[in-house]
Each structure stands twice: as structure tokens, then as C-alpha cells.
Amino acid sequence: MSPPTLRGTLTTMFQLAIGIGGVSAFFVNYKTQDIVPWGWRLSLSLAFVPALLITIGFLLLPDSPSSLIQRGKSSEGLSVLQRIRGTDDVHEEFNYLLKATEDYKSIGNPWRNILKTEYRPQLVMAFAIPFFQQVTGINIITFYLPILIQTLGFSSNSSLYTTIILGVISLVVTTIGALCIDKYGRKRVFLLGGSIMMLFLVLTGGLLNWKLKSHNELSKGYGILGVILMLAFVTSFSWSWGPLAWLIPSEIFPLEIRSAGQSINVCVIMLFISITGQVFLSMLCHFKAGLFYFFGGWVFVMTVFTRLFLPETKGVPLEEVSKLWRSHPFWKRYY
């Protein structure tokens with residue numbers, strides 16, 4: 001539903017909303033930790049508030065023009081399109097949607113289509129982008145950040161307070177990133193963000209490996225430095241791979257495979273959130289400081305991958321993104 005010129009900014013609002021939810025959750029935990037014995041029950045039960053907001057939002061949300069046209073409600077689709085664009089002059093875009101819908105109906109099942117050779121680039125990206133986002137270690141570092149901060153010598157109260165500060169900073173930089181993505185392009189933000197993330201992961205691993213190996217503990221000064229490095233990593237993720245890992249999959253799938261492609265993308269994200277969340281503590285015990293080198297290595301791989309294999313989609317209408325794959329030096333062999 002987004003116009004091409006604002007698609008990046010609007011889609012990254014998804015990541016901003018995740019950040020707002022995270023800050024809210026950390027704040028609730030901070031306020032309820034001292035309520036004994038039922039504070040944790042209050043913390044969990046307050047999750048009904050966002051669930052209620054989602055339910056109310058669905059009741060107010062209009063269907064997308066594409067979906068309405070696919071279900072034979074063209075006049076209603078035109079009306080919604082005019083409303084969200086703020087003008088009656090939408091006939092060129094409406095005709096694009098009509099043609100895309102006709103092509104969609106003639107092609108058939110999106111799950112069967114996405115396995116065809118001509119959609120191999122999109123299928124690879126549907127797995128690769130969300131996989132790479134998770135093996136940066138971002139979610140498990142965020143999940144276990146209070147524990148990591150306590151490991152560096154801080155109290156439980158200080159660790160929760162630091163996590164709230166991190167969440168607020170991440171919200172600010174996510175907003176900045178949303179404005180930069182449409183201005184500077186997706187690939188440039190991917191490459192810059194990946195390079196900075198890798199730097200801070202290696203520095204964090206180096207600090208912990210050096211100090212813990214020689215002293216088996218961190219002084220307060222080095223503990224603060226370790227926290228700053230981890231916060232810098234999370235912050236650099238928030239304006240780059242955080243929003244882009246949701247934005248890119250929303251742009252690269254043509255209409256005939258869009259539902260299947262987006263479903264694969266979300267499933268891979270949730271699968272690896274679950275896997276990495278379960279194995280993180282064991283990895284931390286075995287790898288110790290080397291865990292940050294492990295994540296840094298994956299960040300290096302994914303940065304090179306996006307540099308070589310991902311086309312720039314900035315300002316390109318969704319109906320024309322397939323042309324980028326056909327002209328790409330590597331992917332054109334599949335057409």
C-alpha cells in the first residue's frame with residue numbers, strides 16, 4: 001500500500017514498533033521486579049494490552065487494493081487506492097494492479113511458483129536475509145542483555161536500567177535509519193551497518209578475551225567499556241539490518257509469489273529466533289568471548305553476500321522489481 005518514494009520509510013516503521021514494544025516490556029519488568037511474589041505474573045499478564053490494540057487495529061484497517069482486486073472487488077479496490085493516495089488520479093497504478101492480478105490468476109499456486117527456476121533469486125533471499133539477520137546474534141544478545149551486563153560486574157537493577165536506556169536509543173536510531181534508507185539506498189545502509197556491527201562484535205570479543213583470560217574478571221572501567229561496545233552493536237543494528245531485513249523481502253517478491261515469499265521470510269525469522277534463543281547460554285559457556293567472534297564472522301559473510309547478490313530496490317515500483325533480477329550479473333542466468 002506504500003508509494004515507492006516512501007516505501008522504505010513506512011516499512012521500517014515495523015522495526016520501530018518492535019522497538020517500542022521492547023522498551024515497554026523492559027520498563028514493565030523494571031517496575032514489577034520488586035513486587036513480591038506476584039510481580040512476574042503482572043508483567044506477563046500486561047501482554048494483553050498490545051493484543052487488545054492489535055485486535056482493535058484489525059477492525060479499523062482497510063484491505064489492500066491488491067487483495068480486493070484479486071477477490072473481484074475492483075471498484076472497492078479503486079476506492080481504497082484513491083483514499084490512501086489522497087487523490088483520484090490513480091488510474092495508471094490501478095491498471096498496473098489489474099494487470100498484475102490477471103497475471104497472478106493465470107500463473108496459479110504461489111507455493112508451486114516460487115520453486116520455479118525463474119524465481120530462484122527471490123527464494124534464496126527469502127531464506128538468506130532473515131537467516132543472516134538472526135545469526136548476527138541480535139535477538140539473543142537483546143534477550144540476555146541483562147545477564148550479559150551482570151556478567152560484566154553490574155547489579156541486576158543496573159542491568160535492567162541499562163536495557164531500558166538501550167531501547168530508547170534504539171528507537172531514536174531506528175527513526176534516523178528509516179529516513180536514510182529511502183535517501184541513500186538499501187545496499188549502502190546494509191554495507192555500512194554490517195561493517196560497523198562487525199567492528200563492535202570483534203572489539204567486544206577482543207576485550208573479553210584479553211581481560212578475562214588474564215584476570216578472570218573485569219574491572220568496573222572495562223565493564224563499562226564492554227557495555228558500551230554491546231550497546232553500540234545493538235544501536236548499529238537498529239538503523240540497518242533491523243529494519244532492512246523486513247523491508248527487502250517486502251520489495252523483492254512479484255505478486256504471483258508474494259504471499260509465499262513473505263510467509264517463508266517470517267517463518268525463517270521465527271525459527272531461528274527460537275533456535276538461537278535455546279542454544280545461546282550453552283554457546284556462551286563453551287565459546288565464552290569467542291561467541292562474539294562467531295557472530296562477527298557471520299556479519300562479515302552476510303555483508304559480502306548483500307554486496308554481491310542483492311540488487312538496489314530504492315524507488316523502484318514493486319511491479320518492476322523483477323527487471324532488476326533479470327539484469328543482475330549473477331541472477332540473470334536463471335531467466
Side-chain angles (χ1 to χ4, degrees), residues 15 121 123-145 147-149 151-152 166 170 173 177 186-214 218 222-223 225-249 264-265 267-311 330-331:
Q15 180 68 23
L123 180 61
V124 170
M125 293 298 168
F127 282 95
I129 296 295
F131 168 76
F132 283 138
Q133 187 201 43
Q134 293 309 306
V135 292
T136 61
I138 183 62
N139 273 316
I140 53 180
I141 288 177
T142 303
F143 291 162
Y144 292 105
L145 188 61
I147 294 177
L148 291 171
I149 293 175
T151 303
L152 295 176
L166 169 64
S170 295
V173 297
R186 283 69 165 142
K187 288 189 68 171
R188 187 177 296 182
V189 176
F190 257 143
L191 298 176
L192 181 60
S195 300
I196 296 174
M197 288 162 59
M198 182 171 59
L199 172 65
F200 286 123
L201 283 170
V202 171
L203 288 176
T204 303
L207 173 68
L208 296 178
N209 186 55
W210 170 46
K211 298 304 294 183
L212 293 179
K213 182 178 291 186
S214 58
L218 290 178
Y222 283 112
L225 177 58
V227 171
I228 291 173
L229 290 174
M230 282 193 288
L231 296 187
F233 161 72
V234 176
T235 300
S236 60
F237 174 89
S238 298
W239 58 263
S240 59
W241 271 85
L244 281 173
W246 294 102
L247 172 61
I248 294 298
I264 292 172
N265 176 67
C267 285
V268 172
I269 286 179
M270 297 305 173
L271 173 64
F272 280 94
I273 286 177
S274 176
I275 292 174
T276 54
Q278 294 299 317
V279 303
F280 173 69
L281 291 180
S282 296
M283 292 175 66
L284 181 62
C285 291
H286 288 87
F287 286 14
K288 297 181 172 62
L291 182 63
F292 293 92
Y293 296 142
F294 174 81
F295 292 139
W298 277 113
V299 173
F300 174 77
V301 171
M302 72 192 200
T303 301
V304 174
F305 179 87
T306 53
R307 172 66 180 85
L308 296 177
F309 300 113
L310 184 68
F330 179 82
W331 298 117

Reported [atom1]-to-[atom2] distance for the pair [X] and [Y], which is rounded to 0.5 angstrom:
| X | Y | atom1 | atom2 | answer |
| --- | --- | --- | --- | --- |
| Ser238 | Met197 | OG | CE | 9.5 Å |
| Gln134 | Thr136 | CD | OG1 | 6.5 Å |
| Phe131 | Ile269 | CZ | CD1 | 13.0 Å |
| Asn139 | Gln133 | CG | CD | 6.5 Å |
| Asn209 | Thr204 | CG | OG1 | 12.0 Å |
| Leu247 | Ile129 | CG | CD1 | 10.5 Å |

Flag the pair Ile248 / Met125 as yes when at least one side-chain heavy-atom distance between them is below 4.5 Å, and no otherwise.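 No, side chains not in contact.
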
Quick check: do Tyr222 and Trp210 have side-chain heavy atoms less than 4.5 Å from each other?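 Yes, at least one pair of side-chain atoms sits under 4.5 Å.
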
Might you point out which heavy atoms bring Val268 and Ala126 nearest each other, and give the distance in Å?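 That closest heavy-atom pairing would be CG2-O, 4.2 Å.
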
Looking only at heavy atoms, what is the nearest atom pair of Pro311 and Phe309, with distance?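 Heavy-atom minimum between the residues: CD-O, 3.6 Å.
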
Enumerate, atom names and distances included, each donor-acceptor pair closer than 3.5 Å involving a side-chain atom of residues 275-288, sequence neighbours excluded.
unit_1	atom_1	unit_2	atom_2	d
Thr276	OG1	Phe272	O	2.5
Thr276	OG1	Ile273	O	3.3
His286	ND1	Ser282	O	2.8
Lys288	NZ	Cys285	O	3.0

Mind listing the side-chain donor-acceptor pairs of residues 226-237 below 3.5 Å, one per line with the distance, residues two or more places apart or on another chain?
unit_1	atom_1	unit_2	atom_2	d
Thr235	OG1	Leu231	O	2.7
Ser236	OG	Ala232	O	3.2
Ser236	OG	Phe233	O	2.7

Report the residue from Leu191, Leu192, Ile196, Val189 that forms a side-chain contact (heavy atoms from CB on, under 4.5 Å) with Ser240.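 Testing Ser240 for a side-chain contact (heavy atoms from CB on, under 4.5 Å) against Leu191, Leu192, Ile196, Val189 leaves exactly one candidate, Val189.
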
Are any side-chain N or O atoms of Lys187 and backbone N or O atoms of Arg307, one a donor and one an acceptor, separated by less than 3.5 Å?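 Answer holds: yes.
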
Is the backbone N or O of Gly193 less than 3.5 Å from a side-chain atom of Trp239, with the two atoms forming a donor-acceptor pair by type?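 No, because the side chain of Trp239 does not come within donor-acceptor range (under 3.5 Å) of the backbone of Gly193.
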
Which donor-acceptor pairs under 3.5 Å do side chains of residues 289-306 form with protein atoms, sequence neighbours excluded?
unit_1	atom_1	unit_2	atom_2	d
Tyr293	OH	Gly206	N	3.2
Thr303	OG1	Val299	O	2.7
Thr306	OG1	Met302	O	3.2
Thr306	OG1	Thr303	O	2.9

If the plane angle is over 60° it's perpendicular, under 30° parallel, otherwise tilted; pick one for Trp241 and Phe132.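 The arrangement is perpendicular - the two ring planes meet at more than 60°.
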
